[in-house]
2 protein chains.
Amino acid sequence: MQIVSLSKDISLKRSVEMGNAEQLNTVRLVLADVKNRGDNAIKEYSEKWDHVTLHNFRISKAEIESAKDKFDPQLKRDLEEAAHNIRVFHEKQKRLSYEVDVKNGSFIGQRVNPLDSVGLYVPGGSAAYPSSLLMNVIPAQVAGVERIVIVSPPNDQGALPDAVLVAASILGIEEIYKIGGAQAIAALAYGTESIESVDKITGPGNVFVALAKREVFGVVAIDMIAGPSEIAIIADETAYADEVAADLLSQAEHDPMACPILLTTSDFFAHEVAHEVEKQLITLPREKIARAAVEKFGKIYVAETIDGIIEAVNKLAPEHLEIIANNSHDIAQKIRHAGAIFIGRYSSEPIGDYFAGTNHVLPTNSTARFSSPLSVDDFIKKTSVIYYTKETWLEHAPKIARLARMEGLEGHARAVESRGWTKEMDQS
Amino acid sequence: MQIVSLSKDISLKRSVEMGNAEQLNTVRLVLADVKNRGDNAIKEYSEKWDHVTLHNFRISKAEIESAKDKFDPQLKRDLEEAAHNIRVFHEKQKRLSYEVDVKNGSFIGQRVNPLDSVGLYVPGGSAAYPSSLLMNVIPAQVAGVERIVIVSPPNDQGALPDAVLVAASILGIEEIYKIGGAQAIAALAYGTESIESVDKITGPGNVFVALAKREVFGVVAIDMIAGPSEIAIIADETAYADEVAADLLSQAEHDPMACPILLTTSDFFAHEVAHEVEKQLITLPREKIARAAVEKFGKIYVAETIDGIIEAVNKLAPEHLEIIANNSHDIAQKIRHAGAIFIGRYSSEPIGDYFAGTNHVLPTNSTARFSSPLSVDDFIKKTSVIYYTKETWLEHAPKIARLARMEGLEGHARAVESRGWTKEMDQS
């Protein structure tokens, strides 16, 4: 890993091009085709890209039962405990409706409602990502969303991984379709004969999924389109180089575009970590991916002071931030911008990916300056309510009419004034 | 206004094309030019489009004082009262950070921080929109945003309307630039020699402003890009036709693309309102705009039952919904999807535009199914915090490593396991 002095022009921004023109064209064709031809189009794309002939898209109860029977009971308990932790953390994010009383019996308020329906894309193919399912479904459940749909691409036997079905079953989710790619996004956005459309689509996917989500945005809501993973570690000489190196590599192994960086006040420690990274890379199963990330985007910044590092990190707004130093808690208090902060030696980043309870869907590419982790807020929406009685209207109508006329909106003024003083009936 | 029977395929969706290719090209050129040449580029565009030569972009204290001196004291009190109401309503939206204790001294939490800086675009030119300033600035202030910047295009004397400066002064906002169009958005997104960039841009504008906001999205955050105004009114035969017609026109006068609709169970009432709309249109100063909206998008739906109307409105998810019926409060309880609900005869829609305290920035084009009014939430962001002690780590590390390996992420498992059992030092 390259070691450099910390300077002012530090940046996490990589120009992440999302797909090329040809991929976008393909996605647009698929979206239009599924919109027009529904289930038949999906069947054809599943044959073409997933190499399976599907008679039903929906996972049956028998498939779920069979997955549960085969699944390692230890892992099932691990998933259950993780789900419990995630639920406890997200329960605290629930919002309540409120009203503000106005005199004379009037009130204004904000009503909080869950979305009616959401669709979650779980990436698949060769690997299984049950953690992604937990992280997306649980906030939606806590929000009170009634209909939660899962789509995930099948393997070449036309099946979904047991781990995904078991995770869904732990959460009580039963509407699961074994379809993937842009065709799955199209089904969720437009609906087909056998799949009803949803109001919002969340969850990560490959470039075709990401492009499709961006295209259907507006028809439905989508979550953020996450960029490659990032980790910044603040460490002083009290940290262990092997542990810091292992944590850097845990993010590097996600993606050749991942960005693992260390910021330290110790030149000696910087060299120790660089050495450890090389050593650990060699035995890593995903060495090729991790090495690409380390060589292209990995960096160790050596700074004069911790204050300089804090300033730099607030500029970076990294997705993940670990702080392993003498005064980790104090440093954490000074960080304004990060997706998630892991404090102290024992808070290794994967704890948040799988288990602690916080959400692992986090803002990347410095957007933590203005964006937040996925939360219950992403599955609710608010409606304002205004109730004015005759007395309140009488008191304020002249002011409202004046303000409207100041903005040149005579129709607004007349509307407010139209409630006649002389009409007999009073219904309010 | 056209009177039709309520049917299943009711929709508010108009295909609203945001600009053409030529406009988009212009916007991209302006953005790149301001990014490269800064203040000089802005000066040139101000000369070209606003027809003013600016020596300073920033509004001076003298300009604000002069605006205050000239301004109608009555209107100033109206603005102050509106600002107070808006602040009281939005104060209730404040979020608190929270922590969840985990045993052995560990915790996980969510920290809430305001954005560092936001820029608000106030549309201008011939008209003044102080209400837009109040609705965007106050939620940001309640959120705790430290730096709030206003940009607004000057008139041909190089000045901003007194009403805008007075509204800013009521809120204590001092960083105001008399620049507009795509060049103002560029300045806020990229910064120039004299204007520091911000983290988020909110506020409405013309097509160039909307296109520019969409282009800089990602560099900075933006608010929703609002479509033309909509109003749906549910009214039975107890409502007054002249009042309902006036409220329909209050939204129609905004934009030829605005959508004013009435849903009623009374065929007689439908005809009364249609007649009243025609009658009132003739004397409306903005008749031409309102007539275009009424003729193109205005409709009166006659339904068999109120339940049928409620179902249709939940499908429409209108920006504004008025309910003027015998049992308005009961009906309001059954509406799941709307930007704002105005209950009863005396809650005419402009009350919410100017005065009641709720926000007038609302989701359009049926997006109220999944979007919310502008609120304090739009000016904060959250950071997750994870702190595990050695004991907590010891207890859970094996589970986390198992879950990581199940997903094929060996590097994650090794990171968690790297905290050695045998190392002497314990720093946490």
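Every chain is numbered from 1 and lettered A, B, ... according to where its sequence line falls, protein lines coming before strand lines.
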Determine yes or no for a side-chain-to-main-chain donor-acceptor pair under 3.5 angstrom, with [X] supplying the side chain and [Y] the backbone.
X	Y	answer
A/Glu410	B/Pro285	no
B/Arg419	A/Arg345	yes
B/Ser372	A/Lys382	yes
A/Thr383	B/Ala338	yes
A/Ser347	B/Tyr388	yes

Identify the heavy atoms of [X] and [Y] that sit nearest to each other, and give their distance.
X	Y	value
B/Asp242	A/Ser418	OD2-O, 4.2 Å
B/Gly109	A/Thr358	O-CG2, 4.4 Å
A/Ala356	B/Ile108	O-CD1, 3.3 Å
A/Ser250	B/Gly411	CB-O, 3.7 Å
A/Ile400	B/Pro350	CG2-O, 3.8 Å
B/Ser384	A/Pro373	OG-CG, 3.5 Å

Could you tell me if the side chain of [Y] sits less than 4.5 Å from the side chain of [X], heavy atoms only?
X	Y	result
A/Lys399	B/Arg77	no
A/Lys200	B/Arg369	no
A/Leu79	B/Leu403	yes

Chain A heavy atoms under 4.5 Å from [X]: which part of the residue, side chain, backbone, both or neither?
X	result
B/Gln110	both
B/Ala332	both
B/Arg286	side chain
B/Leu248	neither

Just say parallel, tilted or perpendicular for the rings of B/His412 and A/His254, cut-offs at 30° and 60°. perpendicular
Using 30° and 60° as the class limits, which term best fits the ring planes of A/Tyr387 and B/His329: parallel, tilted or perpendicular? perpendicular
Output the option from [options] having the highest count of non-hydrogen pairs under 4.5 Å with chain B.
options	result
A/Ser375, A/Ser371, A/Ala82, A/Ala290	A/Ser371
A/Ile386, A/Val416, A/Asn85, A/Val244	A/Ile386
A/Ala413, A/Ser106, A/Pro130	A/Pro130
A/Asn113, A/Asp199, A/Leu115	A/Asp199
A/Val118, A/Leu75, A/Leu284	A/Leu75
A/Leu249, A/Asp353, A/Thr392	A/Asp353

Per-residue contact mode, [X] against chain B (heavy atom under 4.5 angstrom):
X	value
A/Gln333	both
A/Ala368	backbone
A/Asp378	neither
A/Leu321	neither
A/Leu409	both
A/Pro363	neither
A/Val385	both

Just jot down the salt bridge (charged side-chain N to carboxylate O under 4.0 Å, His left out) partners of B/Asp72, sequence neighbours excluded, or say none. none
Is there a side-chain contact (heavy atoms from CB on, under 4.5 Å) between B/His396 and A/Glu81? Walk through the geometry before answering. CA-CA 10 Å; B/His396 301 303; A/Glu81 192 171 350; 3.4 Å; yes
With no hydrogens and no angle check, just 3.5 Å: does a side-chain donor-acceptor pair link [X] and [Y]?
X	Y	answer
B/Gln93	A/Tyr98	yes
B/Thr283	A/Arg414	yes
B/Asp116	A/His337	yes
A/Tyr354	B/Glu407	yes

Check step by step if side-chain contact (heavy atoms from CB on, under 4.5 Å) holds for B/Glu391 and A/Tyr346. CA-CA 9 Å; B/Glu391 293 69 30; A/Tyr346 291 100; over 6 Å; no
Would you give the length of the straight line joining atom CG of B/Asp377 to atom CD1 of A/Ile380, rounded to the nearest 0.5 angstrom? 7.0 Å
Using a cut-off of under 4.5 Å for heavy-atom pairs, which of [options] has the most such pairs with chain A?
options	result
B/Val220, B/Thr367, B/Asn314, B/Leu362	B/Val220
B/Glu349, B/Arg95, B/Met406	B/Arg95
B/Ser366, B/Ala404, B/Gly352	B/Ala404

Using the side-chain contact (heavy atoms from CB on, under 4.5 Å) rule, take A/Val100 and B/Lys92 through it: C-alpha gap first, then chi angles, then the decisive distance, then the call. CA-CA 9 Å; A/Val100 176; B/Lys92 290 261 198 178; 4.1 Å; yes
